[in-house]
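Here is the naming used below: chain letters follow the sequence lines, and residue numbers restart at 1 for every chain. Scope of the values below: all heavy atoms of this structure, side chains included, with no hydrogens, waters or symmetry mates. Since we're looking at a predicted model, the values are computed, not measured.
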Amino acid sequence: MVQLLDDNKLLELRHSAAHIMAQAVLKLFPGTKLGIGPAIEDGFYYDFLLPDNKSLTQEDLLQIEKEMGKIVKSDQPFTKEVLTFEGALEMFKTQPFKLEIIRSLNNDSQTESLNRDLDLEQEIDDVTDISIYRNADSFFDLCKGPHVKSTSQVKAFKLLKVAGAYWRGNEHNQQMQRIYGTAFFAEKDLAEYLNRLEEAEKRDHRKLGNDLDLFHFPSEIGAGLVLFHPKGARVRLQLENFSRERHLKSGYEPVWTPHVSKQELFETSGHLGFYKDNMFPSMEREGSTYYLKPMSCPFHVLIYKSSLRSYKELPLRLFELATVYRFERSGVLHGLARLRALTQDDSHIFCTKEQLEQEICSIIDFMLEVLQTFGLTEFEADLSTRPDKFLGDVKDWDFVTESLESALKKSNIPYRIAEGEGAFYAPKIDIHLRDAIGRKWQLSTVQVDFQEPQKFDIEYIGKDNARHRPYMIHRALFGSTERFLAILLEHFSGALPTWLCPVQVSVLPVNSNHEDYALKIKAELSSKDISTEIRFADMPLGARIRNAKLEKIPYILVVGDSDIKNRTVGINLRGSKDPIRDIDLDRFFNIVESDIVDKLVEPKIQV
RNA sequence: GCCCGAGUAGCUCAGUCGGCAGAGCAUCGCAUUCGUAAUGCGCAGGUCAGGAGUUCGAUUCUCCUCUCGGGCUCCA
């Protein structure tokens, strides 16, 4: 998983593999128009427009892979040639997409934004120098390089999937065929990567949700809508209880708002202007029009506005676990990670200009502290700055962006600046998480909004006895309860920390003579709010243990004659191979209780 | 929404070049009462996602719809 090779070398290799792939596609499908073909985090891709708009199939990929093998074998050296603008136009006269890139290279003002649109760093980042890389008389590609010395170095590669992708990432443009592949210097690195993909598949929360009987997505209720089963609902109940508790402890005030509202509210907030496509259609009754809420902020603003606020009340932190409804486009739905009805751990913080930076700092501290409870420690942040189209005053933008950046610096989270990727009304920080197998998930978001306070005309009375406009911070920590649960399931591969497990203890009497003892243990545990089940002796012990293990239950107790006599239990601890026998019953109670109270990531027993 | 692919029992999947639909696990019944990852036997379980078309006959071929998967776009 850890990439020992220099990253740049790996990017060179993968970008070279992309060239080889393009060469192979041109050979198999003459007349193909080339788009772009960069190296990416786990491999590379190349976009093609095939003759007659042909789509590629899995079989085509195998053919292309074969052809690539031939190119690799024939050991073609990569050579760089520098061209004039006119020379480049001539050279690529049959490649309209390349011509578009070349023309933009010649036009400084456009280059920067095109570069950003296309993620073209690999292709172009030096406007004065148009170069190509050639590795055969017949094949060359517009490219800044660098490349590996020869095609023969690209030994360990594999084409993975084919997908549609819009030219320049714009859905109004031509849709091309994108082939994804990956390449490594050593076969064993490739094998390890493919292995990791398999591992990821095993951890898929949609599969785990099914296997562990947590939730399902019945088609009759519609896409992007989920039903939580008793076990899944237990998990989210624990998550939500924990979230509420932590918020209240940290100075957030609970609020509660309805799921629908008259359209007037969303007109004032502007949602019906800029978010309507993502809202469920309207409902009419008694001459009024209602909408399901896609966000809670307008409601929270009304709560703020319900009385005249003093600076002494600020920062005012309103918090709600709110289910919101968003009509996401069908193609983006993805298990619990992208739903049409989701529950945000949503907060809106109203504060003064002077408080802003400190408030952002404490939000980030709070977030990290809460997330560390789950054993999550690897975070990365994006600071998204002012986009080309924006509302408000540049001075405001600069001030707020600086506050966000300065808070990030203090928090010690590694971050990058996402230039121009802010929402049009506000800059934001997004926090991403690396999970147990290195995948990136988007989690929390912090946005500073100076539009909505204005739209609703909210104010506070300052020390100076004058009216001022507060800043409003939108903030979600888990993002959504459902998505956070998906992340946890995948991160822990279904083996959730005991405090979140729907069944925390399973008691297995060896035979029916031991049932009373098992029942007594269950009663005792239940009185301590520990979720416990009994698996009676109508199946062989081995089978009961196996099933309980497959359900990833943290504590599987086996009780027999000697246990009754000595008031002990045998424990099969999740994650340990061998059972631990003869643990005193009271000691066991202490062990589970402190596991749950301390929110251990994995159950532990000191023998 | 767009491109590609998929949908067969509760689950995992086989199968039908167009001719009465198959397995394992789970469920249910009977027997088994067991000290650490699968006890045995039996019963039952299906509008082959839904609709339309072609055909003597469609789960199989064609079209439409729904849902899911991988991408693109989007992600206030």
Side-chain angles (χ1 to χ4, degrees), chain A residues 45 47 53-58 60-61 160-180 201 204 206-207 210-211 213 216-225 266 269-271 273-279 294-298 324 326-335 337-338 342 344 346 421-426 428 430 442 445 447 449 451-452 474 476 479-480 483 508-515 536-550 556-563 569-572 577-582:
Chain A
Y45 67 79
D47 290 343
N53 247 330
K54 177 189 154 56
S55 305
L56 291 164
T57 62
Q58 280 299 317
D60 292 329
L61 286 198
L160 297 170
K161 54 201 172 195
V162 56
Y166 300 105
W167 169 239
R168 294 183 63 174
N170 182 332
E171 63 180 314
H172 300 298
N173 287 346
Q174 177 89 43
Q175 186 158 47
M176 308 178 76
Q177 294 283 303
R178 173 174 297 179
I179 303 176
Y180 283 92
E201 214 171 293
D204 191 314
R206 295 161 299 188
K207 180 175 152 49
N210 195 28
D211 292 350
D213 193 18
H216 85 295
F217 300 85
S219 57
E220 39 294 49
I221 66 173
L225 301 170
F266 297 119
S269 69
H271 286 90
F274 57 75
Y275 202 65
K276 195 168 184 193
D277 287 349
N278 276 302
M279 289 168 70
M295 284 176 220
S296 300
C297 34
V324 294
R326 299 179 177 179
F327 201 86
E328 301 281 4
R329 302 215 269 177
S330 57
V332 307
L333 301 170
H334 177 89
R338 198 78 182 267
L342 58 137
Q344 289 188 310
D346 206 6
E421 285 178 30
F424 66 84
Y425 64 89
K428 60 175 180 175
D430 290 315
Q442 205 208 309
T445 176
Q447 307 175 352
D449 186 345
Q451 295 307 314
E452 216 160 325
H474 302 247
S480 88
R483 189 204 341 234
L508 282 51
V510 173
N511 65 41
S512 51
N513 296 329
H514 313 120
E515 279 176 12
F536 293 104
D538 51 5
M539 258 199 280
L541 183 63
R544 285 181 281 154
I545 289 172
R546 178 169 192 272
N547 290 340
K549 289 254 183 197
L550 289 175
I556 301 166
L557 305 185
V558 175
V559 294
D561 288 336
S562 70
D563 294 303
V569 291
I571 306 173
N572 274 275
K577 224 175 142 200
D578 298 315
I580 309 160
R581 293 281 301 268
D582 307 319

Novice: When you measure from the side chain of A:Arg178 to the backbone N and O of A:Ala163, does any donor-acceptor pair fall under 3.5 Å?
Specialist: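 The answer is no, because no donor-acceptor pair under 3.5 Å joins these two groups.
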Novice: Using a 4.5 Å cut-off on heavy atoms from C-beta on, say whether the side chain of A:Arg326 contacts that of A:Arg338.
Specialist: no
Novice: Applying a 3.5 Å limit to both distances, which nucleotide forms a Watson-Crick or G-U wobble pair with B:rG5?
Specialist: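 Pairing partner, where one exists within any strand: B:rC68.
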Novice: Distance between the C1' atoms of B:rG5 and B:rG40, in whole angstroms?
Specialist: 43 Å
Novice: Is A:Asn210 near enough to B:rU12 that one of its side-chain N or O atoms lies under 4.0 angstrom from OP1 or OP2?
Specialist: yes
Novice: In terms of side-chain heavy atoms of A:Tyr166, which of B:rG1, B:rA37, B:rC34 is nearest?
Specialist: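 The answer is B:rG1, which lies nearest to the side chain.
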Novice: Which nucleotide, if any, forms a Watson-Crick or G-U wobble pair with B:rG18, using both distances under 3.5 Å?
Specialist: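 B:rG18 is paired with nothing.
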Novice: So, OP1 or OP2 of B:rG71: does either fall under 4.0 Å of a side-chain N or O from A:Lys161?
Specialist: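 Checking A:Lys161 against B:rG71: at least one side-chain N or O falls below 4.0 Å of OP1 or OP2.
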Novice: Between B:rG35, B:rU39, B:rU36, which nucleotide has the shortest distance from any of its atoms to the side chain of A:Pro579?
Specialist: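 Looking only at heavy atoms from C-beta outward on A:Pro579, the closest nucleotide is B:rU36.
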Novice: Do any side-chain nitrogens or oxygens of A:Asn511 fall under 4.0 Å of OP1 or OP2 in B:rC34?
Specialist: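 It does, given that an N or O in the side chain of A:Asn511 lies less than 4.0 Å from OP1 or OP2 of B:rC34.
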Novice: Taking atom types as they are modelled, would you say the side chain of A:Gln175 forms a donor-acceptor pair with the base of B:rC72 within the 3.5 Å cutoff?
Specialist: no
Novice: Return the set of residues passing side-chain hydrogen bond (donor to acceptor under 3.5 Å, both in side chains) with A:Tyr166 (not counting sequence neighbours), or none when no residue passes.
Specialist: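 A:Tyr166 satisfies side-chain hydrogen bond (donor to acceptor under 3.5 Å, both in side chains) with no residue once adjacent residues are dropped.
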Novice: Run the salt bridge (Lys or Arg N to Asp or Glu O under 4.0 Å) test against A:Arg329 and tell me which residues pass, sequence neighbours left out.
Specialist: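 Salt bridge (Lys or Arg N to Asp or Glu O under 4.0 Å) list for A:Arg329, sorted by chain: A:Glu171.
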Novice: Need the pair for B:rU12. Rule: Watson-Crick or G-U wobble, both distances under 3.5 Å, any strand; none if unpaired.
Specialist: B:rA23
Novice: What's the gap between B:rC48 and B:rU36 when it is taken at their P atoms, as a whole Å value?
Specialist: 47 Å
Novice: Using a distance-only criterion (donor-acceptor N/O pair, under 3.5 Å, no hydrogens), is the base of B:rU73 paired with the side chain of A:Arg329?
Specialist: yes
Novice: Counting only side-chain N and O atoms of A:Ser219, is one of them less than 4.0 Å from OP1 or OP2 of B:rA49?
Specialist: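 For A:Ser219, the contact criterion (side-chain N or O under 4.0 Å from OP1 or OP2 of B:rA49) is not met.
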Novice: Among B:rU67, B:rC72, B:rG35, which nucleotide sits nearest the side chain of A:Leu541?
Specialist: B:rG35
Novice: Consider only side-chain N and O atoms of A:His216 and A:Asn210, and report whether a donor and an acceptor are under 3.5 Å apart.
Specialist: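 Result is no, nothing qualifies.
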Novice: If only atom types and distance count, is the side chain of A:Arg544 paired as donor or acceptor with the main-chain N or O of A:Pro509 below 3.5 Å?
Specialist: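 Between the backbone of A:Pro509 and the side chain of A:Arg544 there is a qualifying donor-acceptor contact (under 3.5 Å).
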Novice: Is there a Watson-Crick or G-U wobble partner for B:rG29 with both distances under 3.5 Å, and which nucleotide is it?
Specialist: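 The answer is B:rC41, by the H-bond criterion.
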Novice: Distance check: side-chain N/O of A:His514 vs OP1/OP2 of B:rG35, anything under 4.0 Å?
Specialist: no
Novice: On a whole-Å scale, what distance lies between the C1' atoms belonging to B:rC66 and B:rU33?
Specialist: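 Taking atom C1' in both B:rC66 and B:rU33, they lie 49 Å apart.
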Novice: Verify the neighbour count for atom NZ of A:Lys549: are there more than 12 heavy atoms of other residues, nucleotides or ligands below 6.0 Å?
Specialist: yes
Novice: Output the single nucleotide from B:rG35, B:rG70, B:rC34 whose closest atom is nearest the side chain of A:Pro540.
Specialist: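 Nearest to the side chain of A:Pro540 among the choices is B:rC34.
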Novice: Name the residue closer to the 5' end of RNA chain B, choosing between A:Gly164 and A:Arg546 according to the nucleotide with the nearest heavy atom.
Specialist: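 Result of the comparison: A:Arg546.
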Novice: Verify the contact: side-chain N or O of A:Tyr180 to OP1 or OP2 of B:rC72, cut-off strictly under 4.0 Å; return yes or no.
Specialist: yes
Novice: Across all strands, who's sitting opposite B:rU36 as a Watson-Crick or G-U wobble pair, both distances under 3.5 Å?
Specialist: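 Looking at the geometry, B:rU36 pairs with no nucleotide.
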Novice: Give a yes/no on whether any side-chain N or O of A:Arg206 is located under 4.0 angstrom from OP1 or OP2 of B:rG69.
Specialist: yes
Novice: Give A:Asn547 one of three labels, base, sugar-phosphate or nothing, depending on what nucleic acid heavy atoms sit under 4.0 Å from its own.
Specialist: nothing
Novice: Please classify the nucleic acid contact of A:Ser562 as base, sugar-phosphate, or nothing, using heavy-atom distances under 4.0 Å.
Specialist: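 The residue A:Ser562 makes base contact.
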Novice: Is A:Arg326 side chain donor-acceptor paired with the B:rC74 base, going by distance under 3.5 Å alone?
Specialist: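 For A:Arg326, whose side chain was compared with the base of B:rC74, there is no donor-acceptor pair (under 3.5 Å).
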Novice: Taking the nucleotide of RNA chain B with the nearest heavy atom to each, does A:Ser330 or A:Arg483 sit closer to the 5' end?
Specialist: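 It is A:Ser330 whose nearest nucleotide is closer to the 5' end.
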Novice: Over all strands shown, is A:Ala165 touching base, sugar-phosphate only, or nothing at heavy-atom distances under 4.0 angstrom?
Specialist: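 The residue A:Ala165 makes sugar-phosphate contact but no base contact.
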Novice: Among B:rC72, B:rG35, B:rA37, find the nucleotide with the atom closest to the side chain of A:Val332.
Specialist: B:rC72
Novice: Could you let me know what B:rG53 is paired to, Watson-Crick or G-U wobble, both distances under 3.5 Å, or none if it's on its own?
Specialist: B:rC61
